[in-house]
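What follows is a short report on a single structure.
As the structure is a prediction and not an experimental result, all values here were calculated from the model.
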Amino acid sequence: MIERIRKIRHKRIVKQLFSLKRMKIMHSFDSVKTIGIVVDITTEDNWKQLSYMVRKFEKLGKKVYLLARKNDKTKTTQSDFIITNTNVLILHTKTDFNFWGIPKPLVLKPFFDKKYDILIDMTANNGDFFPIYVALHALSDLRISRSNDNDENKKIYDLLLKMEPNASDYNFLEQLVRYLTMINK
């Protein structure tokens, strides 16, 4: 019963966020200066691949900000392999979300205060409210995610890449850069 009420509340919030107007701008990878990436922290290998790509983006002159969600229910010591800096904001599911599963506004303020040329959602395949909330709320010119044949995702994201179901985050980012370099050339 509570889960059903939670989903109704989520739908109401999404509807409100859809009413906000924004200007979509298609950027070539060369013209991108700021990138926001929404990611779930799962395994050490996943984090290493992501941090490798972030370093690669930074070497190309891009400013990258990560918004990572850490599931506090898992038994692993995930924080042992996470190296944080000022560009990484980690949300903990127990403390940084309210009862309804909505991130607390003060926690997300540092991420939402920035404007992104590109917002990359690497968690859209899980059908969760969190990445949808972030994608609709963040100031970004272009929203990008993986395609999961969900009609709602087609409304939220400006560019969806169809990937194999077991494709890694590293492969997704590589393909994304490949396609973005073809745009506006």
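No side-chain heavy atom of Val177 sits less than 4.5 Å from a side-chain heavy atom of Phe172. Proximity of Val54 to Glu58: side-chain heavy atoms (C-beta onward) are separated by under 4.5 Å at one or more points. Inter-residue side-chain proximity for Ile118 and Leu180 is flagged as met; some heavy-atom pair is nearer than 4.5 Å. Using a 4.5 Å cut-off on side-chain heavy atoms (C-beta onward), Thr34 and Val64 make no contact. Considering only heavy atoms from C-beta on, Ile144 stays 4.5 Å or farther from Asp158 through its side chain. Counting heavy atoms from C-beta outward, Tyr157 and Asp121 have side chains that approach closer than 4.5 Å. At a threshold of 4.5 Å between non-hydrogen side-chain atoms, the residues Leu173 and Ile120 count as touching. Contact check for Ile90 versus Asp96: no side-chain heavy atoms found under the 4.5 Å cut-off.
Each of Val88, Leu91, Ile37 was evaluated against Leu67; a single residue qualifies, Leu91, per the side-chain contact (heavy atoms from CB on, under 4.5 Å) test.
Between Leu89 atom CG and Lys109 atom NZ the span is 12.5 Å, to the nearest 0.5 Å. Separation of atoms NZ (Lys114) and CD1 (Ile35) is listed at 14.5 Å; rounding is to 0.5 Å.
Take Asn98 and apply the side chain to side chain donor-acceptor pair (under 3.5 Å) test, not counting sequence neighbours, and it matches no residue. Every residue was checked against the side chain to side chain donor-acceptor pair (under 3.5 Å) condition with Lys24, not counting sequence neighbours, and none meets it.
With a 6.0 Å cutoff to the six-membered ring centre and a 45° limit on the axis angle, Lys62 counts as a cation-pi contact of Phe29. A cation-pi arrangement is not found for Lys104 relative to Phe97, the charged atom failing to lie both closer than 6.0 Å to the ring centre and inside a 45° cone about the ring normal.
Between the side chain of Arg146 and the backbone N or O of Ala167 there is at least one donor-acceptor pair closer than 3.5 Å. Proximity of a side-chain donor or acceptor of Lys7 to a complementary backbone N or O of Glu3 within less than 3.5 Å is not detected.
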| task | May I have the step-by-step check of ring-ring contact (aromatic ring centres under 6.0 Å, His included) for Phe57 and Tyr52, ending in yes or no? | result | CA-CA 9 Å; Phe57 290 162; Tyr52 172 76; 9.8 Å; no
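Under the 4.5 Å side-chain heavy-atom criterion for grouping Ile, Leu, Val, Met, Phe, Trp and Tyr, Leu176 is connected to Met182 within one hydrophobic cluster.
Around the CD1 atom of Ile8, the shell of radius 6.0 Å holds more than 12 heavy atoms that belong to other residues, nucleotides or ligands.
Remark: Asp117 does not engage Lys63 in a salt bridge, criterion side-chain N to carboxylate O under 4.0 Å.
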Report, one line per pair, each donor and acceptor closer than 3.5 Å where one atom sits in a side chain of residues 129-143; sequence neighbours left out.
from   : atom 1 : to     : atom 2 : distance (Å)
Asp141 : OD1    : Lys115 : NZ     : 2.4
Asp141 : OD2    : His27  : NE2    : 2.8
Asp141 : OD2    : Lys115 : NZ     : 3.0
Arg143 : NE     : Ala135 : O      : 2.9
Arg143 : NH1    : Ile156 : O      : 3.0

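Of all the heavy atoms in Phe111 and Tyr65, the pair that sits closest is CE1-O, 3.9 Å.
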